[in-house]
There are 2 protein chains.
Amino acid sequence: MAPRSAGKNAESSDKVGVICRALRRAIIEQALEPGAKLPEDSLGERFGVSRTIARHALGQLAAEGLVELRRNRIAVVATPSWQEARDAFDIRIELERLVVRQLAGKLTKAQIATLNAHVDAEDGARDGTDAVSIRLATEFHILLAHMTNSPILVRYVSEVAYRCCLTLSLYSRPHSSECAINEHRGIIAALVKGDEAKVMSLMHSHLDSVANRALVAPAPQRGRDLLDILAPYADEGESDRVVKMPKVVRVR
Amino acid sequence: MAPRSAGKNAESSDKVGVICRALRRAIIEQALEPGAKLPEDSLGERFGVSRTIARHALGQLAAEGLVELRRNRIAVVATPSWQEARDAFDIRIELERLVVRQLAGKLTKAQIATLNAHVDAEDGARDGTDAVSIRLATEFHILLAHMTNSPILVRYVSEVAYRCCLTLSLYSRPHSSECAINEHRGIIAALVKGDEAKVMSLMHSHLDSVANRALVAPAPQRGRDLLDILAPYADEGESDRVVKMPKVVRVR
DNA sequence: GGCCGCCAAACTGCATGCAATTCAGGCGCT
DNA sequence: AGCGCCTGAATTGCATGCAGTTTGGCGGCC
């Protein structure tokens, strides 16, 4: 029960959990694009449960930020703004630096083997679909988080990583994840060597480069809701938006 | 609409949100101690809604880690282990360093005033109950997070701060929060001055000292569930628990 | 007395039903 | 044709009902 011990968060082994996991996976593999509608009864029917359960699952996913829930409206896969994507990556960098700091030089042989096996799998899937590569790359990071044996850290890293996946599918063009794989190998090596500072900086630059490759521009706004596109123009009241304005870019 | 704008996370204006907020507050003010039972129908009755809604609210709080949900069992207020408490603080430190890093030198006059007013309120409540002091101190940090204008950061800081509150109520003795207030003032001053490094280190040591004051020992286990107390002894299988063992302390 | 099993009450898991709201498209009006 | 209104279908918000599980305590048995 080593890695899998933590996640008893109101979602394991019950039907809600099944739906959550399925949707999460569908979302990060881009089978469900941002903006995709998720009506309760379709979901319920598809998974053979009642709306009540589907609804509950949507609630959980909304709490994780993967789904947007507006009152009396059909739930949709979340469409993070460019700024939110950037924020997510910033948070992710800090969290994952913490992960590798805790892990540096403390991995067991078994854990190292697990990590290597995973990266090999990433390598093997390199000629598969992009979606699978992204999922595997994400799971590498979550795997690392699991090894800290800190349920809270696992939860946050997972959430924010999934969120980043989501933004990747929004703002990124078909990117070659090959280099990412090598970076993963580098991180493992540094972890084994136990060089805390080195591995933290490696993780930092790894994530930063992923973010920069993905979030180069405020994005082509590959047209989802026309309403969304116009949203920035509405921007009611908003009195004290002063913080982090340096790199703000007007959408279109 | 400065601070209160962000949190539309599937919980505002609907009954679920009302219950969530009420319970959250009750929990962090220790009106509900860790381990307290939260039966769905009592909750529903108390808030004038059906079990369905109460259930949904519990689900949200469980996702935040404030409530523990075990299948077919009455929900209870979460009882984080000492290790989880330590982990929560570690994460919190990183997140809040990020907050002040983003905020340093970027606060508006209005925001500074808001912060000062809040600290004054903390000061004013110093002779009130401990619970209120803790809540106000926590809200100071959440207020800061709001000012980053990053909903994701707000969510995570809030969650982890609430969690820390929870652990405070478990493992801490009546602590004087007076010094904390001064530390808050110091942080504001450094933020205004715009000294990024300084304010990050201030925040770090502030949180670290709060954590150390609270989590000096694995805690007197002020007896909730005797089962919980015995849990560490059971510790089934647990093959590869290698990480972060340095500072582990046996319970009792 | 202590221990085990049984039973009713309590509680959760889930589906269904009804009211309220939103959404889509057709109709009439200009 | 363009625009707005209006109506029915789709969909959510929520309560209630029933079945299955846990709980706690009582009585019998050792």
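Just so we're on the same page: letters track the sequence lines, and every chain starts at 1. Below, each value reflects all heavy atoms present in this structure, side chains not excepted, and no hydrogens, waters or symmetry copies.
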Residues which pass salt bridge (charged side-chain N to carboxylate O under 4.0 Å, His left out) with [X], listed by chain and number, not counting sequence neighbours:
| X | value |
| --- | --- |
| B/Arg25 | B/Glu29 |
| A/Glu159 | A/Arg155, B/Arg155 |
| A/Glu84 | none |
| B/Arg55 | B/Glu40 |

Between [atom2] on [N] and [atom1] on [X], what's the gap in Å once rounded to a whole number?
| X | N | atom1 | atom2 | value |
| --- | --- | --- | --- | --- |
| A/Leu58 | D/dT11 | CG | P | 13 Å |
| B/Phe47 | D/dA15 | CZ | P | 13 Å |
| A/Leu43 | D/dA10 | CG | P | 18 Å |
| B/Asp41 | D/dC14 | CG | C1' | 16 Å |
| B/Ile19 | D/dG13 | CD1 | P | 15 Å |
| A/Glu45 | C/dA15 | CD | C1' | 14 Å |

Next item on the list: Applying side chain to side chain donor-acceptor pair (under 3.5 Å), name anything that partners A/Glu45, two or more places apart in sequence or on another chain.
Entry: none
Notebook entry, point to check: Quick one: on DNA chain C, does A/Gly48 or B/Glu40 contact a more 5' nucleotide (nearest heavy atom)?
Noted result: B/Glu40
Item checked: Proximity to the side chain of A/Arg55 - top-ranked nucleotide from D/dA15, D/dG13, C/dA15 -> D/dG13
Item checked: From D/dT12, C/dC11, D/dC14, nucleotide with atom closest to B/Ile53 side chain -> D/dC14
Checklist line | A/His141 and A/Glu96: side chain donor to acceptor below 3.5 Å | finding: yes
Item checked: Nucleic acid footprint by protein, nucleotides 16-25 of chain C - heavy-atom cut-off 4.0 Å, B for base, S for sugar-phosphate alone -> BB---SSSS-
